[in-house]
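Working notes, structure below.
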Amino acid sequence: MITLNDSIQSIRKRTAAEGLAIDTAMAVAREQERKWETHVNAFVAKTDPMDAGPERGTTENLLAGIPFAVQDTICVKDMPLTCSSRILNGFVPGYDATAVARVRDQGAILLGKLNSSEFGLEAGSSHSIFGATQNPWHPEGGGTAVSGAAAAVASGQIWFSLGADATGELRTDAAECGLSALKPTYPTVSKHGLAASVPSMEQIGIAARHLTDCEDVWNILLGKDEMDSTVTEHPRKDMEKPKDLTRIKVGIPSVYLHAADAKTQNAVQKVAERMRAAGITVQECSVEHLSQSMMAAYVLQCAEASSSLARFDGVRYGYRNQEAKDVLSMYLKTRRDGLSQSTIEKILAGTYFLSVAGYSQYYSQAARLRTLVSLGFSQAFTQFDSLLTPVTAAGANDDALQHYWPACANLAGLPALVFPGDIRDGAPVGVQLIGKAYTEPLLFSLATAAKMEIDWNQALPNAQCSGGDRV
Amino acid sequence: MIEAVIGLEVHVALNTESKLFCSCSTRFGAEANTQVCPACLGMPGIMPVLNKKAVDKAILASLSLDCTIARLGGFDRKNYFYPDMPKSYQISQVFDPIGQEGTLEIDTPDGKKKIRIRQIHLEEDAGKLVHEGDSITSAKGSLVDLNRAGAPLIEIVSHPDIRNADEAVSYLENLRAILRYGDVSECRMEEGSFRCDGNISVREAGSDVFNPKVEIKNMNSMKALHKALMYEIKRQSEMLKQGKRVDQETRTWDEQKEITLSMRSKEFPDYRVYPEPELGYIEVSDEWLTEIRTKVPELPQAKKQRYMTAWDLSEYDAHQLSREQDLARYFEETVELYPEPKKISNWIQAELMRLLNNDQKGISESPVQPQHLAQLIQKLDQGVISGKMAKEVLEGMYAEEKDAETIIHSRGLSQISDDTELETVAGQIIADNPKPVADYRGGKTKAMGFLVGQMMKATRGQANPDKANDILKKLLDN
């Protein structure tokens with residue numbers, strides 16, 4: 001019998017060896033859905049399972065019969081796109097995101113659309129019109145809200161999800177849920193069909209229970225796309241993984257490490273110990289300007305969102321306030337009612353950062369810092385093959401900017417891989433590897449050597465005993 | 001003395017098949033909202049994909065105007081809300097325009113003058129609003145047509161080197177000629193593919209002060225531009241004389257009242273420009289630049305010069321024939337077949353253009369082909385037909401779309417140049433007119449005119465008059 005501990009590769013092998021039906025993984029997923037979805041509220045829309053189409057499920061396809069879902073900031077043809085916002089009310093795109101089309105072409109079965117914060121502007125799922133999504137590790141509440149892209153995978157309802165990562169949102173939620181998640185090197189994965197708020201930093205990433213699933217799906221997503229002219233060919237996707245890890249040097253940026261809370265620092269140290277045990281050299285290091293990356297990421301996020309989300313004006317599609325008497329009041333009322341307060345605040349800040357009054361002090365400073373952060377990483381990578389870090393430092397104090405730690409990888413366009421490092425108080429603690437551009441294969445090797453194994457059949461509390469009230 | 005300081009901003013719609021960032025057609029005049037797609041409707045998740053042909057044309061225009069090409073350029077977002085702008089930002093080039101610092105030569109009463117061009121940048125056009133009602137303020141509602149949204153434009157911005165309305169018109173005419181030559185744009189003002197805004201201020205002649213400038217919009221024809229600038233120069237000059245300050249503002253040309261009206265003052269929009277993150281850089285390689293360079297045609301000014309020096313045409317004729325590429329091409333093709341440029345120039349301008357103008361046709365629609373015009377002029381030079389006949393033959397060629405030879409034959413218009421045939425006729429004339437013959441022989445040379453006239457009459461005008469004269473003389477003098 002297939003269980004949640006089976007990776008996609010293992011399902012393929014066992015399906016062939018044991019003569020299992022192609023939809024065995026689907027059956028497991030359905031069972032998990034019945035058990036979990038009312039508790040976690042991960043999905044905002046479901047596909048008709050009949051749409052999956054048996055013809056997709058031939059074993060020649062790498063993802064044959066594997067259930068997956070996408071964050072609802074990613075377009076699927078003929079399914080409503082909400083971005084978890086009221087403002088897109090009724091909008092149905094007539095096009096598939098390239099990433100969605102690529103995994104479906106490999107036989108993966110789309111189960112639906114996943115919840116996130118409005119437009120994915122922050123980790124979790126607050127400010128979503130669909131309400132918050134609960135972390136299945138804390139079915140009684142108590143944990144922070146996560147995104148559907150993390151909760152649906154952790155609760156076993158799907159094998160992997162595609163989500164958006166602009167300042168670390170997908171990685172943060174994946175870490176909270178004990179998953180592996182990759183933000184690939186920018187710009188090697190097509191953004192066509194991703195309703196990106198922060199195009200210069202945002203990418204489609206993958207969250208999965210198994211590292212190898214992340215890697216397998218990543219391989220399928222790569223490659224040029226005529227609909228996204230920024231995408232470049234990944235020059236090293238077939239790069240040979242190092243056979244001898246003893247020559248690898250991993251740095252831990254001190255400033256990032258010490259910003260995090262105790263349990264996270266502890267998880268990083270545990271991972272470092274596992275790496276040392278595998279012969280890898282691990283030592284603390286400094287990365288210049290890294291601590292300033294959060295402010296830069298925040299400014300750029302707000303600035304780009306203020307223009308990228310300006311198209312939602314009620315003129316052509318989506319929600320329009322019907323009381324408006326003229327164009328200006330239509331804009332004002334539509335956007336006031338259509339967007340959450342949190343999004344409006346970011347748009348207002350971004351509008352100021354780009355204005356004549358704020359440009360030189362904010363936008364151009366942030367752009368300059370972005371270059372400096374990239375240089376800081378380049379400098380560090382002359383001594384280290386990869387960097388081991390916490391994911392967020394959000395738990396350490398109340399400073400809202402602490403959420404933006406993982407955005408340093410987005411700023412510099414580097415690949416970043418999150419994986420479970422520890423389990424503390426019954427909940428997973430994730431860590432992160434940031435690599436040089438195009439070194440995803442190395443990151444996967446290092447993570448494989450240093451990750452904490454989670455038994456997904458046993459790890460989660462039993463949701464059905466938890467009372468079953470939706471949080 | 002007061003002089004004007006004028007800079008022009010010209011928006012030129014490129015004549016590419018498809019839009020700047022998607023594959024929608026750019027055809028003019030289609031039914032509203034039929035040439036749109038998710039990209040030019042600003043739908044979420046759709047990224048702009050640059051149309052390389054538009055960049056080709058922008059580079060060609062820049063090279064034709066002696067601009068330096070930005071070898072590593074990019075696009076920027078210009079943010080503002082308006083219902084005809086689907087993304088609520090326009091993708092334009094603010095920081096690195098593709099063409100930088102060029103020149104355009106114009107003719108002035110004081111000779112040639114170079115107008116400097118500050119920049120040429122690529123950008124997408126907006127859609128159109130149609131108001132239900134008389135004006136935007138009283139309209140019941142407004143309809144949006146996005147067919148034009150995302151169509152490729154270049155904006156050509158001059159330095160404030162223009163000093164009066166005549167120079168402005170001359171600048172625009174030369175600019176249009178160059179862009180049409182390069183097949184960059186049709187440059188039709190009436191269709192909006194060639195739109196001009198002016199920035200104007202006045203000052204004491206010779207001063208190097210720049211006073212606050214007034215931007216004038218809605219000048220929809222060359223005539224309107226000229227009138228609007230004249231009006232504005234006068235308005236500002238009078239204010240200056242009265243010691244009043246001219247404030248920076250935007251004014252619109254009112255075609256009916258023939259005055260400029262204030263649209264908005266001092267409120268200059270903050271476009272919050274920043275680099276477009278969804279498009280890569282435009283990297284213009286040496287190969288790309290060389291390829292476009294070979295496509296830059298001989299430009300009107302150079303042609304005009306060549307017509308004057310190599311072909312000895314007057315400046316007026318050379319200008320007329322070089323202004324439009326189609327006409328120049330027609331002229332040159334004809335000259336190639338029959339190397340008599342001055343004669344051909346006269347025939348095209350005096351006769352062919354008259355016929356075409358009557359039918360409001362352009363040279364490209366001419367029913368008379370260059371080889372046929374060459375043939376006609378050749379027949380005339382050979383004396384097969386007279387000058388008067390030639391005009392009639394041309395009209396026949398024009399009406400029936402046939403070559404000269406066919407028309408000459410079908411209308412029996414060829415001159416009789418055959419000596420023996422003419423000698424027979426001349427013999428008869430001499431026999432029939434003893435009195436004039438005697439007069440001529442007696443020294444009254446005027447009688448010859450009468451005899452030639454009789455020959456022409458007898459041949460129904462088909463005798464070559466020179467020949468008839470020669471033959472009569474030969475027969476009578478012997």
Side-chain angles (χ1 to χ4, degrees), chain A residues 73-75 81 83 88 91 93-97 119 187 190-202 225-232 300 303-304 306-318 326-328 330-331 335 350-359 363-364 367, chain B residues 21-23 33 36-52 74-91 95 127 129 131 136-146 149 268-282:
Chain A
T73 56
I74 298 174
C75 293
L81 176 81
C83 297
L88 272 157
F91 177 71
Y95 39 91
D96 267 332
F119 288 102
S190 171
K191 285 204 294 272
H192 170 65
L194 166 66
S197 308
V198 199
S200 82
M201 302 200 286
E202 192 159 348
D225 178 10
E226 61 176 21
M227 300 302 286
D228 177 354
S229 59
T230 64
V231 178
T232 54
L300 295 177
E304 289 188 22
S306 77
S307 94
S308 298
L309 303 182
R311 69 188 62 196
F312 305 116
D313 56 6
V315 175
R316 297 165 313 285
Y317 54 80
D326 55 30
V327 173
L328 182 61
M330 180 184 78
Y331 285 149
R335 288 169 68 77
T351 302
Y352 179 71
F353 297 154
L354 287 173
S355 72
V356 170
Y359 194 89
Y363 183 82
S364 66
Chain B
F21 299 117
C22 63
S23 54
N33 297 311
V36 293
C37 73
C40 54
L41 289 175
M43 287 185 175
I46 304 294
M47 297 172 69
V49 177
L50 181 61
N51 177 353
K52 184 175 170 285
F75 287 96
D76 305 293
R77 285 186 182 180
K78 241 175 124 173
N79 294 283
Y80 65 95
F81 284 92
Y82 206 65
D84 66 3
M85 182 56 71
K87 297 186 296 295
S88 301
Y89 57 80
Q90 180 195 30
I91 303 180
F95 298 122
L129 290 188
H131 305 295
I136 189 162
T137 42
S138 68
K140 279 198 312 226
S142 298
L143 301 170
V144 187
D145 175 8
L146 294 173
F268 287 89
D270 182 345
Y271 289 119
R272 292 171 281 127
V273 179
Y274 77 106
E276 165 59 63
E278 295 191 322
L279 283 162
Y281 290 109
I282 308 176

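First the proteins, then the strands, lettered A, B, ... as listed; each starts at 1.
Among A/L328, A/T73, A/V356, the residue making the largest number of heavy-atom pairs under 4.5 Å with chain B is A/V356. Looking only at heavy-atom pairs under 4.5 Å with chain B, the residue among A/S364, A/C75, A/S355 that has the most is A/S355. The most heavy-atom pairs under 4.5 Å with chain B, out of A/S306, A/A196, A/P199, come from A/P199. Top candidate by heavy-atom pairs under 4.5 Å with chain A, chosen from B/G280, B/A39, B/P275, is B/P275. Between chain B and the options A/A195, A/G314, A/G318, the largest number of non-hydrogen pairs under 4.5 Å is found for A/A195. Options A/E304, A/M201, A/H192 differ in how many heavy-atom pairs under 4.5 Å they form with chain B, and the most are formed by A/E304.
Ring geometry for A/Y363 against B/Y274 counts as perpendicular: the plane angle is over 60°, on a 0 to 90° scale with 30° as the lower cut.
A/E226 touches chain B through its backbone: at least one of N, CA, C or O sits under 4.5 Å from a heavy atom, while the side chain does not. For chain B, the nearby part of A/F312 is the side chain; its heavy atoms alone come within less than 4.5 Å. Of the two parts of A/V327, only the side chain, counted from C-beta on, holds a non-hydrogen atom closer than 4.5 Å to a non-hydrogen atom of chain B. Contacts between A/L194 and chain B at a heavy-atom distance below 4.5 Å involve the backbone alone (N, CA, C, O). Residue contact with chain B, scored on non-hydrogen atoms closer than 4.5 Å, involves the backbone and the side chain of A/S308 alike. Contact annotation for B/Y89: only side-chain heavy atoms (C-beta onward) come within less than 4.5 Å of a heavy atom of chain A. Both the backbone and the side chain of A/T351 come within less than 4.5 Å of a heavy atom of chain B. Interface residue A/T230: only side-chain heavy atoms are found under 4.5 Å from chain B. With a threshold of 4.5 angstrom between heavy atoms, A/L88 approaches chain B through side-chain atoms but not through N, CA, C or O.
At most 12 heavy atoms of other shown residues, nucleotides or ligands fall within 6.0 angstrom of atom OH in B/Y281.
In this structure, the side chains of A/R316 and B/P86 come closer than 4.5 Å at one or more pairs of heavy atoms. Side-chain contact between A/S229 and B/L50 is absent, with no heavy atoms from C-beta onward closer than 4.5 Å. Taking the side chain as every heavy atom from C-beta outward, B/P83 and A/Y331 approach each other to under 4.5 Å.
Of all the heavy atoms in A/Y95 and B/P44, the pair that sits closest is OH-O, 2.8 Å.
Expressed to the nearest 0.5 Å, how far OH of A/Y359 lies from CG of B/D270 amounts to 11.0 Å. Annotation: the span from B/M47 atom CE to A/K191 atom NZ amounts to 4.5 Å, rounded to 0.5 Å. Put simply, OH on B/Y271 and CG on A/L354 are 15.0 Å apart, with the number rounded to the nearest 0.5 Å. Note that the CZ atom of A/R311 and the CZ atom of B/F81 stand 11.5 Å from one another [nearest 0.5 Å].
A donor-acceptor pair shorter than 3.5 Å can be found between the side chains of B/R77 and A/S307.
Residues satisfying the side-chain hydrogen bond (donor to acceptor under 3.5 Å, both in side chains) criterion with B/R272, sequence neighbours excluded, are absent altogether.
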